[in-house]
Amino acid sequence: MTTLPRVTALMLAYGAEPYLLDAVEAVLASTGVDVDLVLVDNGCTTDAVRRLPEDPRITLVVPAENLGFTGGMNLAASRASGDVLLLVNSDAIVEPAAASELVGALATPGVGVVGGSVRLADEPDLVNSVGNPLHVLGLSWAGGMGDPAAQHTTRGPVASASGACMALSRSLWESLGGLVEPFFAYAEDLELCWRSWQRGLRVEYVPTAVAYHHYEFSRTPLKMYLVERNRLAFVLTCYGGRMLLLLAPVLAAFELALVAVAAKQGWLRQKLRGWWWLATHARWIRARRAEVQRERRVPDRELADLMTDRFDPAQFPLPAGSHLLQSALARYWRAVRRAL
């Protein structure tokens with residue numbers, strides 16, 4: 001008899017969770033793998049968790065408080081028994097073969113993290129994410145959002161896999177130390193994937209591993225605070241010293257521009273709060289940076305091809321005339337790359 005790969009799916013429950021039952025049942029229906037699931041109840045406000053089937057493959061963990069995505073996933077991973085960890089959002093419905101396809105891709109030498117073709121559940125022929133780009137200024141977004149899925153059928157490297165459906169070995173997770181908990185939520189998948197790249201392990205998009213995500217874009221004050229704070233924390237800890245120095249002028253200019261945007265859009269308080277958090281956690285930033293840079297094996301110059309100097313106009317609407325700034329940034333980034 002052939003022994004199936006052992007996979008533990010990690011999932012969080014928070015809020016109303018209208019799709020939790022579907023998401024859990026889809027994971028447990030995975031084919032080609034021996035799967036179990038660890039579910040962390042981070043504060044489900046309905047009976048969604050109680051309505052889950054009594055299945056011995058489900059381990060429910062209830063922490064004393066909301067640990068965020070990072071703390072919740074780390075807690076779930078600590079209870080995992082599988083050799084492979086599969087991160088799945090509680091509103092993402094994986095196809096039966098998705099886990100097996102991701103496990104198969106992980107068997108490729110040199111691959112550390114893999115992510116699936118995350119589709120829009122309401123429009124399953126359209127993309128939610130086929131891997132997330134990394135902008136030189138630290139921004140990241142859902143790659144390929146709104147594209148026909150038929151345009152993205154080739155497996156290949158990406159800066160970051162989407163945390164809605166991604167997998168890696170439990171040994172690599174433990175070696176990387178899991179998700180960085182002070183992030184709480186947002187950019188944590190980028191941070192984990194980038195550290196995999198820095199260790200010399202590729203992050204790849206696997207188009208045959210399909211999940212349907214009930215995605216809703218939101219721009220709440222808390223989200224804006226966390227997104228901006230974590231973007232800067234990522235840049236300050238994961239970029240090498242030379243690249244930080246070379247990018248400092250455009251990073252500073254972008255911060256000033258974002259202040260104006262935040263004031264106009266009503267989230268200036270959150271932007272300033274993010275700066276305050278970074279200032280008051282400077283000791284943690286320094287310690288985290290030292291740890292990340294000490295453990296990396298690949299210099300920035302070898303990772304620069306994974307980064308982009310272009311904004312996605314569909315997700316970052318730019319004002320008229322901004323093409324001139326885009327061109328200037330592209331030229332500056334070319335100069336930075338030559339100097340790395």
Side-chain angles (χ1 to χ4, degrees), residues 3-104 106 113-116 118 161-181 183-185 188-189 192 209 211-214:
T3 302
L4 295 177
R6 297 177 63 240
V7 175
T8 295
L10 313 180
M11 191 178 292
L12 305 182
Y14 176 78
E17 294 295 0
Y19 307 105
L20 179 64
L21 178 59
D22 293 340
V24 168
E25 288 183 338
V27 165
L28 296 179
S30 296
T31 58
V33 293
D34 179 6
V35 67
D36 67 307
L37 182 144
V38 180
L39 174 68
V40 174
D41 186 348
N42 252 352
C44 182
T45 57
T46 65
D47 65 348
V49 172
R50 295 194 300 273
R51 289 191 290 108
L52 294 177
E54 293 186 7
D55 191 311
R57 295 175 294 172
I58 301 175
T59 300
L60 177 63
V61 185
V62 185
E65 60 182 347
N66 178 11
L67 302 177
F69 189 84
T70 56
M73 281 293 174
N74 285 349
L75 176 59
S78 72
R79 305 294 181 89
S81 59
D83 300 314
V84 172
L85 302 182
L86 172 66
L87 282 66
V88 183
N89 274 14
S90 58
D91 58 355
I93 315 302
V94 296
E95 286 192 345
S100 178
E101 291 291 327
L102 292 174
V103 170
L106 283 176
V113 183
V114 289
V118 184
S162 169
C165 179
M166 63 184 283
L168 69 165
S169 69
R170 183 153 57 101
S171 61
L172 177 58
W173 175 279
E174 292 171 352
S175 176
L176 292 171
L179 300 177
V180 56
E181 292 203 9
F183 275 30
F184 193 77
E188 72 290 318
D189 46 4
L192 182 79
Y212 303 99
H213 189 198
H214 292 274

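This one's a predicted model, so the numbers in the text were calculated from it and none came from an experiment.
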Run L37 and T59 through side-chain contact (heavy atoms from CB on, under 4.5 Å) and show every step you take.
CA-CA 6 Å; L37 182 144; T59 300; over 6 Å; no
Looking at CE of M73 and CG of D189, how far apart are the two atoms once the value is rounded to the nearest 0.5 Å?
10.0 Å
Closest approach of S30 and A99, non-hydrogen atoms and distance?
OG-CB, 4.0 Å
Distance (rounded to the nearest 0.5 Å) between L176 CG and S169 OG
8.5 Å
Do you know the tightest heavy-atom contact between G71 and E181?
CA-CD, 3.9 Å
Mind checking the CG-CG spacing from L85 to L102? Nearest 0.5 Å is all I need.
12.0 Å
side-chain contact (heavy atoms from CB on, under 4.5 Å) with L86: which of V103, V7, L168, V35?
V7
Hits for salt bridge (Lys or Arg N to Asp or Glu O under 4.0 Å) against R79, two or more places apart or cross-chain, chain-then-number order -> none
In Å and rounded to the nearest 0.5 Å, what is the CG to CD distance from D22 to E17?
11.5 Å
For L39 and L52, run side-chain contact (heavy atoms from CB on, under 4.5 Å): C-alpha distance rounded to whole Å, both residues' side-chain angles, the deciding distance at 0.1 Å, then the answer.
CA-CA 11 Å; L39 174 68; L52 294 177; 3.4 Å; yes
Please examine the side chains of P53 and L21, heavy atoms only from C-beta on, and report whether any two atoms are closer than 4.5 Å.
yes
N74 and W173, any side-chain heavy atoms less than 4.5 Å apart
yes
To the nearest 0.5 angstrom, please state how far the OG1 atom of T31 sits from the CD atom of E95.
10.0 Å
Between S90 (side chain) and L12 (backbone), is there a donor-acceptor pair under 3.5 Å?
yes
So, the side chain of E101 versus the backbone of A98: is there a donor-acceptor pair under 3.5 Å, distance only?
no
Which atoms form the tightest heavy-atom contact between C44 and A16, and what is the distance?
SG-O, 4.5 Å
Atom CZ of F183: over 12 foreign heavy atoms under 6.0 Å
yes
Sub-4.5 Å side-chain heavy-atom contact between L20 and V49
yes
Main-chain N/O of R57 paired to D55 side chain as donor or acceptor, under 3.5 Å
yes
Taking A80's backbone N and O only, do any of them form a donor-acceptor pair with T8's side chain (distance below 3.5 Å, no angle check)?
no
Determine whether V113 and M166 make a side-chain contact, defined as any pair of heavy atoms from C-beta on separated by less than 4.5 Å.
yes
Does V61 reach the side chain of D41, with side-chain heavy atoms less than 4.5 Å apart?
no
Start with the C-alpha distance between V84 and R170, add both sets of side-chain angles, then the distance that settles side-chain contact (heavy atoms from CB on, under 4.5 Å), and finish with yes or no.
CA-CA 5 Å; V84 172; R170 183 153 57 101; over 6 Å; no
Sidechain-backbone polar pair: S175 side chain, L172 backbone, donor-acceptor under 3.5 Å
no
Side-chain (N42) to main-chain (L67) donor-acceptor, under 3.5 angstrom
yes
Of all residues at least two apart in sequence or in a different chain, which pass the salt bridge (Lys or Arg N to Asp or Glu O under 4.0 Å) check with D83?
none
With a 3.5 Å distance limit and no angle check, can you tell me whether S100 reaches the backbone of A97 through a side-chain donor-acceptor pair?
no
Just jot down the salt bridge (Lys or Arg N to Asp or Glu O under 4.0 Å) partners of R6, sequence neighbours excluded, or say none.
none
Here the gap from I93 atom CD1 to Y19 atom OH, rounded to the nearest 0.5 Å, amounts to 9.0 Å
Note: A161 and G115 closest approach over all heavy atoms is CB-CA, 3.7 Å
Heavy-atom side-chain contact between L179 and F184 under 4.5 Å
no
What heavy-atom pair brings A185 and T70 nearest, and what distance separates the two atoms?
N-CG2, 4.4 Å
With heavy-atom distances below 4.5 Å as the criterion, would you say the side chains of N89 and M11 are in contact?
no
Flag side-chain contact, heavy atom, 4.5 Å: L10 against V88
no
